[in-house]
There are 2 protein chains.
Amino acid sequence: MKIDPDNKADLSAQIAQAIRDAIVSGDMIVDERLPSEAELADQFNVSRPTVREALKRLAAQSLIRTQRGAFGGAFVNRLSYEEAYGQQITTATLLLSMNAVSFDVACEARYALERACTPLAAERRTPDHLATMRAEIHRQGQPGLSDESFCASDVTFHRALVDAAGNPVLSYQLAGAVEAMQPLMNMITFTARSREEIVGFHSRIADAIEAKNGPAAQTALRELESYTLHLARGVMEARLHKSRPAG
Amino acid sequence: MKIDPDNKADLSAQIAQAIRDAIVSGDMIVDERLPSEAELADQFNVSRPTVREALKRLAAQSLIRTQRGAFGGAFVNRLSYEEAYGQQITTATLLLSMNAVSFDVACEARYALERACTPLAAERRTPDHLATMRAEIHRQGQPGLSDESFCASDVTFHRALVDAAGNPVLSYQLAGAVEAMQPLMNMITFTARSREEIVGFHSRIADAIEAKNGPAAQTALRELESYTLHLARGVMEARLHKSRPAG
DNA sequence: TGCTTTTAAAATGTCAGACATTTAAATGTA
DNA sequence: TACATTTAAATGTCTGACATTTTAAAAGCA
């Protein structure tokens, strides 16, 4: 594990990259302990603060975890699905907000991914998944539910649908797309009428999944996508008129 | 922007979180300059090295970039798709290798996501996308191509397919799944016969996309998935027998 | 001997201050 | 005016120190 002395980039970045490579390539295995900060500083011929900056970079990516005390140190971290979800969501959220991805594009991606899960979900769904979906549908029908809670319930419903596919990689991939869209969804104020419609779609989806009818679920999802887009466009238009009252 | 003095966690982690929140929530906008390290140190009542560790954490997530010199400093970074791809790929690769996701699961996820793109790709593909796909198919037919190059070409082909959908969010989502699987794919040694078959599937997919026939492309993808799984199982089995020659 | 308490050591976490390097603006000069 | 020089502000790095946490070993005691 060496660094290029001619490189102009930050030493801490180079060191982080060297260690990252060692981890990703499998040279360092899960739970293996890295040399202490002092030892790393010696190895790379840098000071301890520089090494620490490098380690913090890796910690930010959940590649390592640190433990204080004697026989503590930095250890290669087993990346859990939870941590991966978190990073995925942060990245997706930023990507959506900063690149000003349109609602249409995000919506399209989300439902396309979700439809990819439905055939598997229809095949493999457990009573647990169905129960979660039914419970959320029930909650969504409650009057007095805030828009935020309605959206949160919506997310839970769709996650249950995705999880029903029984493929953690798909769940991980979709977590970002679905959760990153939540702020955008929250901007939509759901009238009683639109909630009723959405609950209808959800019921159709749950029914289809229960009946192991993948294509029916896909059709319902497709219609839900159209409806969501329709709602969003209404909101955008209203906002546009509001900001230009003369036009 | 404040931190909890009673919190036991690393100060640098808390500071990073505070700044991250400010960025994600939109309190700090793209290209806005953060206070200098010295000023941040004052604000948070910590030393400069601690602030620096926090900033390195954010830099590792591409949330900020730093610039040296007068009027330099840390700036809120516009997360580019390229950077997001990179992080996505690193995370997905680790997730696959560390959690020992089976080839079957990864394969299933990849093709499910890819099939989600095909209807859009069939609708929107440009001559450019078709040309890329054809070029890669041609390359894959060349004798003397190494397995690594064959796999790389395979990745390029599938990325072109995904990009043809014209939805950057989908492209981003899939980059991880497809590229993270490459090391696993590289383990498979492709015989002349299997290459021929794969090229056949690829041609069918390209033809279907060109003909704007989404369902046909999906069918071909489904068969390609089965075939890939078949090849992989053969390799796994051979490896198993090799490691237990007595059995 | 066996258990509990104390102690010491090793590691990370934090701080202070200094110097090096880079960069762009401000200044001076032909 | 155009170019070279200076200067100031910021990050990058180093040294050395102290604080805190944690564990293992040593010491003390029944």
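Each chain gets a letter, A, B and so on, in the order its sequence line appears, and its residues count up from 1. Worth knowing before you read on, the calculation uses all heavy atoms, side chains too, and leaves out hydrogens, waters and symmetry mates.
The side chain to side chain contact (heavy atoms under 4.5 Å, CB included) check on B:Val105 picks up A:Asn167, A:Pro168, A:Val169, B:Val101, B:Ser102, with sequence neighbours excluded. Under the side-chain hydrogen bond (donor to acceptor under 3.5 Å, both in side chains) criterion, A:Glu114 pairs with A:Arg110, A:His158, not counting sequence neighbours. Applying the salt bridge (charged side-chain N to carboxylate O under 4.0 Å, His left out) criterion to B:Arg57, with sequence neighbours excluded, gives B:Asp10. Under the salt bridge (charged side-chain N to carboxylate O under 4.0 Å, His left out) criterion, A:Arg124 pairs with B:Glu108, not counting sequence neighbours. Residues passing the ring pair (Phe, Tyr, Trp, His ring centres under 6.0 Å) test with A:Tyr172: none are found, sequence neighbours excluded. Legend: residues meeting salt bridge (charged side-chain N to carboxylate O under 4.0 Å, His left out) with A:Arg68, ordered by chain and number and at least two apart, are absent. With sequence neighbours left out, the ring pair (Phe, Tyr, Trp, His ring centres under 6.0 Å) criterion links A:Tyr111 to no other residue. For B:Arg125, there are no salt bridge (charged side-chain N to carboxylate O under 4.0 Å, His left out) partners two or more places apart in sequence or in a different chain.
The nucleotide range of DNA chain C contacted by chain A, defined by atoms under 4.0 angstrom from heavy atoms of the protein and reported 5' to 3', is C:dA9 to C:dT22.
No option in B:Leu55, B:Leu63, B:Asp27 other than B:Leu55 meets the side chain to side chain contact (heavy atoms under 4.5 Å, CB included) test with B:Ile19.
Between the side chains of B:Ser62 and B:Asn77, no donor-acceptor pair of N or O atoms lies under 3.5 Å. The closest side-chain donor-acceptor pair between B:Glu136 and B:Thr156, if any, does not fall under 3.5 angstrom.
Contacts between residues 48-55 of chain B and DNA chain C, counted as heavy-atom distances below 4.0 Å, involve B:Arg48, B:Thr50. Within residues 60-74 of chain B, the residues having any heavy atom under 4.0 Å from DNA chain C are, by residue number, B:Arg68, B:Gly69, B:Ala70.
For the pair B:Ala38 and A:Val46, nearest-nucleotide mapping onto DNA chain D gives the more 5' position to B:Ala38.
When the local axes at the two ends of the helix from C:dT1-D:dA30 to C:dA30-D:dT1 are compared, using 5 base pairs at each end, they differ in direction by 20° after rounding to 10°.
Of the possible polar contacts, none joining the A:Thr50 side chain to the A:Val46 backbone as a donor-acceptor pair under 3.5 Å is found.
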